[in-house]
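Scroll down for the structure; my scribbles are underneath it.
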Number of protein chains: 2
Amino acid sequence: MRERDLIAQLLAPLAMHKAARGLADDGAVWLPPLGRELVLTHDTLAAGVHYLPDDPPSDVAWKLLATNLSDLAAKGATPSGMLLSLGLSAAEDEAWLRGFVSGLARGLERWNVALFGGDTISGLAQAVLGLTAIGHVEPGMARARSGARAGDLLWVSGSIGDAGLGLAVAQGRLPHDKYLLNRFRRPEPRLGLGAALSPVVHAMMDVSDGVLIDAQRMAAASGLAVTVNLAALPLSDAAAAHTPDDAARLQRATAGDDYELLFAAPADADIAALAALHRLPLTCIGAFEAGAGLRVRASNGADCTPDRLGWEH
Amino acid sequence: MRERDLIAQLLAPLAMHKAARGLADDGAVWLPPLGRELVLTHDTLAAGVHYLPDDPPSDVAWKLLATNLSDLAAKGATPSGMLLSLGLSAAEDEAWLRGFVSGLARGLERWNVALFGGDTISGLAQAVLGLTAIGHVEPGMARARSGARAGDLLWVSGSIGDAGLGLAVAQGRLPHDKYLLNRFRRPEPRLGLGAALSPVVHAMMDVSDGVLIDAQRMAAASGLAVTVNLAALPLSDAAAAHTPDDAARLQRATAGDDYELLFAAPADADIAALAALHRLPLTCIGAFEAGAGLRVRASNGADCTPDRLGWEH
């Protein structure tokens, strides 16, 4: 499929926001919401590196959008629009592109995001798919990874480790499990929750490389030490069936791709009320104190901090 | 070089704008200029596709930034910041990365652009370098490709065809010529000129795929016909030496990579005054009229419209 046909036939119908100028101009022209700060993020997925070449293309599009929106959620932002960079190889035929665009369309509708623009190139050795997401937030409300205070509790949304198990399902290392596979391929950015947490928490980020390494990063950025209680790790029923002991819990906590929110809240914050409102478990998994570094406490209270905490780049 | 070292050692020192949060957060947080429209654009360069693997890395960075800023210039926008997506293969060693970052730093300083954020990935089969540029413009002042009116004159800035000849120099097909090589590797976005032209012109775009095909696109977007006079094509002294006749002029006009501004202005607009102010030739190369399509008029007045008008994607 020629690039101009891809744009005219598949992408332009999604670009209904007037800022996109029908994808027929040199750039998007957009009036941002008055008096709001913008949150801007860019993430890329490459075939064979970040997704499997035979993953369904609609899921690839969904994940590309969802992982970027998860960064917006972590800053408490509401998504506005996005720019898509499609770098294509010979492997992405018209059927693949139609699948990709259908997944993208569902994500844009679900999260109310406009396609502002982007670019397409072809002739690459592998597909490289980039996305710039733009959201807005009340000034001063975008929490940083730094900002946690001694005495704050460490919380995480949803459940941890599902996506790592879902990858094993996708690779045939575990029996088929639709829930786990979906958690790997179709993560759900915690947008509403992130916006609600922003005024309450001291620090927030999304969990992409593993909850332990991301907790360590939050502690380091905040100049504090953090302890994570392994027994408190929130597991889905599907993950719990694969998690008989602390060794398995450490695997869940270092697997990454969770796209849950990790946040530091003062001990007296009413987090339970937010959990009820957003119908999502919010679990206290640790606490910050003066010092430095991450300590993982086993179910029996002993120190079981592993050498490898998650994905390092 | 590990990704985190690349970010901490080479990129973070460039990210001095507070919006970047030291490249240590999930996204950039930026308060846009009040009451301005934003112009957003994304362009990608891939090794072996858009640049030669042995091109100097500082020039690759320069061109990546310049081509995106050229899109902002075409909309009359003033650049604010940008997000960089570095997709790396094994070929980009530390020396390459240092060269790339030095070229990027020079461009950011020259055009007063902030590094807001982005991402880095590694393990690709070839380098894929993406950039999202963000600029601002007075509301309503971002001209479209459409908007030309019958009777408007077609103008172009600078000189045409230098970059195509510079590519031939880079490939060893022409003897070394520093000026032509620079015009290929280090284009200059016409930012000041674009902002000055915006209130005056009816339509504007940048010339990236060849002045003929881009003129045709402007005419098509505006629902008009356009005639280009080949004899009027502005040539640098270096290009003129390679351009003895209309056949050669057609090569210059279809080569692309010019990154000059192409615009439609009413016949009574004082374009000469803007040329003097910006110390850049602005040349009338044609005119719009009712109808459709592009017609190229040879020096002797005959029709010499070629089959291939420029780069098609």
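Protein chains get the first letters and strands the later ones, always in sequence-line order, with residue 1 at the start of each. The shown structure was predicted, so the numbers you read here are calculated from the model rather than taken from an experiment.
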**Study point:** A:Asp25 side, atom CG; B:Lys75 side, atom NZ - distance, nearest 0.5 Å
**Key:** 3.5 Å
Point to revise | B:Leu31, part contacting chain A, at a heavy-atom distance under 4.5 Å | key: both
Study note, to complete from the structure: Answer key: most heavy-atom pairs under 4.5 Å with chain A among B:Val137, B:Val29, B:Ile7 is B:Val29
Point to revise | Portion of A:Val49 that has a non-hydrogen atom of chain B nearer than 4.5 angstrom | key: side chain
**Study point:** Test applied, side chain to side chain contact (heavy atoms under 4.5 Å, CB included); reference residue, B:Asp119; option that passes from A:Asn68, A:Asp71, A:Thr44, A:Thr41
**Key:** A:Thr44
Review point. Taking every heavy-atom pair that is under 4.5 Å apart, which of B:Ser70, B:Ala133, B:Ser85 has the most such pairs with chain A?
Key: B:Ser85
Practice item. Go through the atoms of B:Ser122 and report whether side chain, backbone, both or neither lie under 4.5 Å from a heavy atom of chain A. Key: backbone
Revision key, fill the gap. Highest number of heavy-atom pairs under 4.5 Å with chain B among A:Gly130, A:Gly87, A:Ala24, A:Gly22 belongs to A:Ala24
Exercise for review: Answer yes or no: does atom CZ of A:Arg36 have more than 12 heavy-atom neighbours from other residues, nucleotides or ligands under 6.0 Å?
Suggested key: yes
Point to revise | Part of A:Val128 within contact of chain B (heavy atom distance under 4.5 Å) | key: side chain
**Study point:** Side chain / backbone / both / neither for A:Arg145 at chain B, heavy atoms under 4.5 Å
**Key:** both
Review point. Side chain, backbone, both or neither: which part of B:Leu45 has an atom under 4.5 Å from a heavy atom of chain A?
Key: neither
Point to revise | Partner chain B: residue of A:Asp206, A:Leu38, A:Leu84 with the largest heavy-atom pair count (under 4.5 Å) | key: A:Leu38
Review point. So what's closer than 4.5 Å to chain B heavy atoms on A:Ile134: side chain, backbone, both or neither?
Key: side chain
Review point. Pick from A:Val39, A:Leu124, A:Leu6: which one has the most heavy-atom pairs with chain B under 4.5 Å?
Key: A:Leu124
Practice item. Please look at A:Ile121 and chain B and tell me whether the side chain, the backbone, both or neither of the residue comes under 4.5 angstrom of a heavy atom of that chain. Key: side chain
Practice item. Look at B:Pro32, B:Ala74, B:Gly118, B:Ala46 and state which one has the largest set of heavy-atom pairs under 4.5 Å with chain A. Key: B:Pro32
**Study point:** Portion of A:Ser146 that has a non-hydrogen atom of chain B nearer than 4.5 angstrom
**Key:** neither
Review point. Where on A:His50 is there a heavy atom nearer than 4.5 Å to chain B: the side chain, the backbone, both, or neither?
Key: side chain
**Study point:** Heavy-atom pair count under 4.5 Å with chain A, highest-scoring of B:Ala142, B:Gly35, B:Gly123
**Key:** B:Ala142
Point to revise | Straight-line distance of A:Thr132 OG1 to B:Phe116 CZ, nearest 0.5 Å | key: 12.5 Å
Study note, to complete from the structure: CG (B:Leu34) and CG (A:Leu34) are apart, to the nearest 0.5 Å, by 5.0 Å
Check your understanding: Which value, rounded to the nearest 0.5 Å, describes the distance between A:Arg143 atom CZ and B:Asp26 atom CG?
Key -> 13.5 Å
Practice item. Mind checking the CG-CE spacing from A:Leu40 to B:Met82? Nearest 0.5 Å is all I need. Key: 12.5 Å
